[in-house]
Amino acid sequence: MPAEAPPGAPLLIACALGIERFALRGAVRAGPAGPVTVLRTGMGPHAAGRSVTRALGDPALRGAAVLATGFCAGLAPDMHPGDLVVAARTRGPDGTVVPCVGTGLLAGELRHAVPGRTVHTGLLTGSDHVVRGHERAALFRTGAIAVDMESGATLQCAVSAGAHPVAAVRVVVDAPEHELVRIGTVRGGISAFRVLRSLLPAFFEWHRSLLLPRR
């Protein structure tokens, strides 16, 4: 059964890239539901796993809710840059599947936060390298709707470290018909960066919902 956050539990937001952390700079201080930490893990599942495991070893993050975010590659043919992916579950590069908490609530809050953007929910799969072309199509055939390198490892390490509610929200930065040549293009102000920096209210509402008493 997915974990629930204990009263007063903090929120850990994990992302891989400096440009992603920059977009989330408004979360460096405490959110409305409690302390918030934005962790830059570095790229790839191994870096993400190490960073998250080390961070959750800090007593200040005991029972923290963990949310993986940043950019991803869309796998479905109808996806466009700037679309949002809310994971119902993540799958790591080793095949481990982790169910997420509050997927429906997050999807609804994101629609309010960024009206007009398409929100997709489903399986977010992991890879240890950038996925393109035929490999993207092969992953889509496994039932995944998007792929990134860190979410699966982040959530797997979080649940292995204890009772941590987990979620993953990603912004599509490239898609089957809109492949990105290099991540540096994000710095030019493409839609994915602008969308990512608008998501904090939805993240905070998800965190707040975890702290409400259950009837």
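Index from 1, following the sequence. We use all heavy atoms of the structure for the numbers below, so side chains are in, but hydrogens, waters and symmetry mates are not. Computed from a prediction, not measured in an experiment: that's the story for all the values here.
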Handout entry: Smallest separation among heavy atoms of S198 and A113, with atom names
Key = O-CB, 3.7 Å
Fill in the blank from the handout: Smallest heavy-atom separation, T103 atom then A87 atom, equals OG1-O, 3.1 Å
Exercise for the section: Check whether any side-chain N or O of H207 sits under 3.5 Å from a backbone N or O of A9 as a donor-acceptor pair, and report yes or no. Expected result: yes
Handout entry: From T69 atom OG1 to D148 atom CG, the distance as rounded to the nearest 0.5 Å
Key = 9.5 Å
Would you mind writing out the side-chain donor-acceptor pairs for residues 47-55 within the sub-3.5 Å range, not counting sequence neighbours?
{"from": "S51", "atom 1": "OG", "to": "T41", "atom 2": "O", "distance (Å)": "3.1"}
{"from": "S51", "atom 1": "OG", "to": "A47", "atom 2": "O", "distance (Å)": "3.1"}
{"from": "T53", "atom 1": "OG1", "to": "G49", "atom 2": "O", "distance (Å)": "2.8"}

Problem - Any side-chain heavy-atom pair of V66 and P165 under 4.5 Å - result: no
Exercise for the section: Drop me the distance from L84's CG to T121's OG1, to the nearest 0.5 angstrom. Expected result: 11.5 Å
Practice task
Using atom types as modelled and distance alone, determine if a side-chain donor or acceptor of H80 lies under 3.5 Å from a backbone N or O of D78.
Solution key: yes
Problem - Candidate pair V173 and C72, rule side-chain contact (heavy atoms from CB on, under 4.5 Å), full reasoning - result: CA-CA 6 Å; V173 76; C72 71; over 6 Å; no
Practice task
Please answer whether the main-chain N or O of P201 pairs with a side-chain N or O of E205 as donor and acceptor at a distance below 3.5 Å.
Solution key: no
Exercise for the section: Can you measure from OG1 (T96) to CD (Q156) and round to the nearest 0.5 angstrom? Expected result: 4.0 Å
Problem - Closest heavy-atom pair and its distance - A60, P10 - result: O-CG, 3.4 Å
Handout entry: Contact check, side chains of E20 and L196, non-hydrogen atoms, under 4.5 Å
Key = yes
Handout entry: Distance, nearest 0.5 Å, that separates CD1 of I19 from CZ of R197
Key = 10.0 Å
Exercise for the section: Find out whether T37 and I13 are in side-chain contact, i.e. whether some heavy atom of one side chain is under 4.5 Å from a heavy atom of the other. Expected result: no
Practice task
Report yes if some heavy atom in the side chain of C100 is under 4.5 Å from a heavy atom in the side chain of T90; otherwise report no.
Solution key: yes
Problem - Side-chain touch V86/L110, heavy atoms, less than 4.5 angstrom - result: yes
Review item, side-chain donor-acceptor pairs of residues 123-131, under 3.5 Å, at least two apart:
{"from": "T125", "atom 1": "OG1", "to": "R91", "atom 2": "NE", "distance (Å)": "3.0"}
{"from": "T125", "atom 1": "OG1", "to": "R91", "atom 2": "NH2", "distance (Å)": "3.1"}
{"from": "S127", "atom 1": "OG", "to": "H129", "atom 2": "N", "distance (Å)": "3.2"}
{"from": "S127", "atom 1": "OG", "to": "H129", "atom 2": "O", "distance (Å)": "2.9"}
{"from": "S127", "atom 1": "OG", "to": "H129", "atom 2": "ND1", "distance (Å)": "3.4"}
{"from": "H129", "atom 1": "NE2", "to": "E135", "atom 2": "OE1", "distance (Å)": "3.0"}
{"from": "H129", "atom 1": "NE2", "to": "E135", "atom 2": "OE2", "distance (Å)": "2.8"}

Exercise for the section: Kindly give the heavy-atom pair with the smallest separation between R136 and A73, and that separation in Å. Expected result: NH1-CB, 3.7 Å
Practice task
In sequence, state the C-alpha distance, the side-chain angles, and the governing distance for F203 and V36, and then conclude on side-chain contact (heavy atoms from CB on, under 4.5 Å).
Solution key: CA-CA 10 Å; F203 295 170; V36 179; over 6 Å; no
Handout entry: Within-4.5 Å side-chain heavy-atom neighbours: L56 and H164
Key = yes
Exercise for the section: Answer yes when R170 and D83 have at least one side-chain N-carboxylate O distance shorter than 4.0 Å, and no when they do not. Expected result: no
Problem - Flag side-chain contact, heavy atom, 4.5 Å: V171 against R194 - result: no
Handout entry: W206 vs E109 side-chain heavy atoms within contact, under 4.5 Å
Key = no
Practice task
Could you give me the CA-CA distance, side-chain angles and deciding distance for L24 and L200, then say whether side-chain contact (heavy atoms from CB on, under 4.5 Å) is met?
Solution key: CA-CA 7 Å; L24 297 165; L200 286 175; 3.8 Å; yes
Practice task
Working to the nearest 0.5 Å, report the span between OG of S209 and CG of L106.
Solution key: 7.5 Å
Practice task
Would you please test I145 and V85 for side-chain contact (heavy atoms from CB on, under 4.5 Å) and show each step?
Solution key: CA-CA 8 Å; I145 62 170; V85 172; 4.0 Å; yes
Practice task
Please round to the nearest 0.5 Å and tell me the distance separating atom CZ of R117 and atom CG of L199.
Solution key: 10.5 Å
Handout entry: Exercise: identify the closest heavy-atom pair between A65 and L210
Key = CB-CD1, 3.6 Å
